[in-house]
Amino acid sequence: MCGATESGLFIVDISDISNPELVKTYPMDGPYGLGVKDEKLFVCDGSSGLKVYDKTNVQNLVQLNHFKDIDTFDVIPLEDNLLMIGEEVLYQYEYLENKIKLISTFKLD
């Protein structure tokens, strides 16, 4: 058996690198990749989809959006768009004020 016994997004204070401290834990089902763009945090939570948060206050993340019906693995925030890899599909999203909008998909066979 290998890996963590608990899945989650763990906020760790490393201001004293020799004494890191766990600040907050956000439960996740099966997290993979994550990305940051300005104050947005994108978390690929496996079969639970893509979760988008406002990270202005990391001790109280505010969920802005949740795309539930996709398996997600990795995300790449770009200047104007977001690329996300799902189960054999590449998704492209457009940044909006407080959320994102799906603009295209590309099947990866």
Side-chain angles (χ1 to χ4, degrees):
M1 186 166 161
C2 127
T5 58
E6 180 182 351
S7 289
L9 174 63
F10 302 98
I11 308 299
V12 179
D13 180 351
I14 58 168
S15 55
D16 178 358
I17 195 69
S18 63
N19 188 28
E21 292 184 37
L22 179 62
V23 174
K24 179 90 178 194
T25 301
Y26 294 93
M28 297 280 159
D29 296 317
Y32 286 88
L34 62 80
V36 174
K37 170 70 171 142
D38 300 326
E39 292 304 316
K40 288 185 178 72
L41 170 66
F42 305 94
V43 180
C44 295
D45 197 12
S47 62
S48 292
L50 176 66
K51 296 176 180 178
V52 183
Y53 297 93
D54 178 335
K55 69 168 189 66
T56 303
N57 178 356
V58 295
Q59 292 194 34
N60 188 28
L61 293 179
V62 175
Q63 188 168 308
L64 301 174
N65 216 328
H66 185 184
F67 296 85
K68 298 179 183 181
D69 298 327
I70 48 179
D71 283 338
T72 60
F73 300 113
D74 205 3
V75 65
I76 303 167
L78 301 171
E79 188 63 33
D80 298 318
N81 296 324
L82 178 80
L83 300 178
M84 190 201 62
I85 300 293
E87 184 73 32
E88 298 183 6
V89 179
L90 172 67
Y91 298 86
Q92 182 179 10
Y93 295 90
E94 172 185 31
Y95 299 120
L96 300 174
E97 183 80 18
N98 281 324
K99 54 186 169 180
I100 59 173
K101 175 184 164 189
L102 180 65
I103 57 175
S104 70
T105 61
F106 183 76
K107 186 88 169 133
L108 305 170
D109 293 316

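Numbers here are sequence positions counted from 1.
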- Who pairs with Phe42 by ring pair (Phe, Tyr, Trp, His ring centres under 6.0 Å), at least two apart in sequence or on another chain? none
- Which value, rounded to the nearest 0.5 Å, describes the distance between Glu87 atom CD and Thr72 atom OG1? 10.5 Å
- Query: What pairs with Lys37 under salt bridge (Lys or Arg N to Asp or Glu O under 4.0 Å), at least two apart in sequence or on another chain?
  - Reply: Glu79
Identify every side-chain donor-acceptor pair in residues 102-109 under 3.5 Å, counting partners at least two apart or on other chains, and give the distances.
unit_1 : atom_1 : unit_2 : atom_2 : d
Ser104 : OG     : Gln92  : OE1    : 3.1

- Item | Cluster link Val52 to Leu9, ILVMFWY, side chain under 4.5 Å | no
- Note on the structure: Residues passing the salt bridge (Lys or Arg N to Asp or Glu O under 4.0 Å) test with Glu39, sequence neighbours excluded, are Lys55
- Query: Do Ile85 and Leu83 belong to the same hydrophobic cluster, where Ile, Leu, Val, Met, Phe, Trp and Tyr are linked whenever their side-chain heavy atoms lie under 4.5 Å apart, directly or via other members?
  - Reply: yes
Report, one line per pair, each donor and acceptor closer than 3.5 Å where one atom sits in a side chain of residues 11-32; sequence neighbours left out.
unit_1 : atom_1 : unit_2 : atom_2 : d
Asp13  : OD1    : Ser15  : N      : 2.8
Asp13  : OD1    : Ser15  : OG     : 2.7
Asp16  : OD1    : Ser18  : N      : 3.3
Asp16  : OD1    : Ser18  : OG     : 2.8
Lys24  : NZ     : Gln59  : O      : 3.3
Tyr26  : OH     : Val58  : O      : 2.6
Tyr26  : OH     : Gln59  : O      : 3.3
Tyr26  : OH     : Asn60  : N      : 3.1
Tyr26  : OH     : Leu61  : N      : 2.9
Asp29  : OD2    : Ser48  : OG     : 2.5

- Closest approach of Lys40 and Leu96, non-hydrogen atoms and distance? NZ-O, 3.6 Å
- Query: In terms of hydrophobic clusters joined by side-chain contacts under 4.5 Å, are Leu50 and Phe73 together?
  - Reply: no
- Query: Do Ile70 and Ile100 sit in the same hydrophobic cluster, where Ile, Leu, Val, Met, Phe, Trp and Tyr count as joined when their side-chain heavy atoms come under 4.5 Å apart?
  - Reply: yes
- From Met84 atom CE to Leu90 atom CG, the distance as rounded to the nearest 0.5 Å: 8.5 Å
- Message: Looking at Asn81, is its backbone amide N or carbonyl O close enough to the side chain of Tyr95 to form a donor-acceptor pair, meaning the two atoms are under 3.5 Å apart?
- Response: yes
- Message: I want to check something: taking the side chain as every heavy atom from C-beta on, are Leu78 and Asp80 in contact at a cut-off of under 4.5 Å?
- Response: no
- By ring pair (Phe, Tyr, Trp, His ring centres under 6.0 Å), which residues pair with Phe67, not counting sequence neighbours? Tyr93
- Item | Heavy atoms of other groups near Asp69 CG, more than 12 under 6.0 Å | no
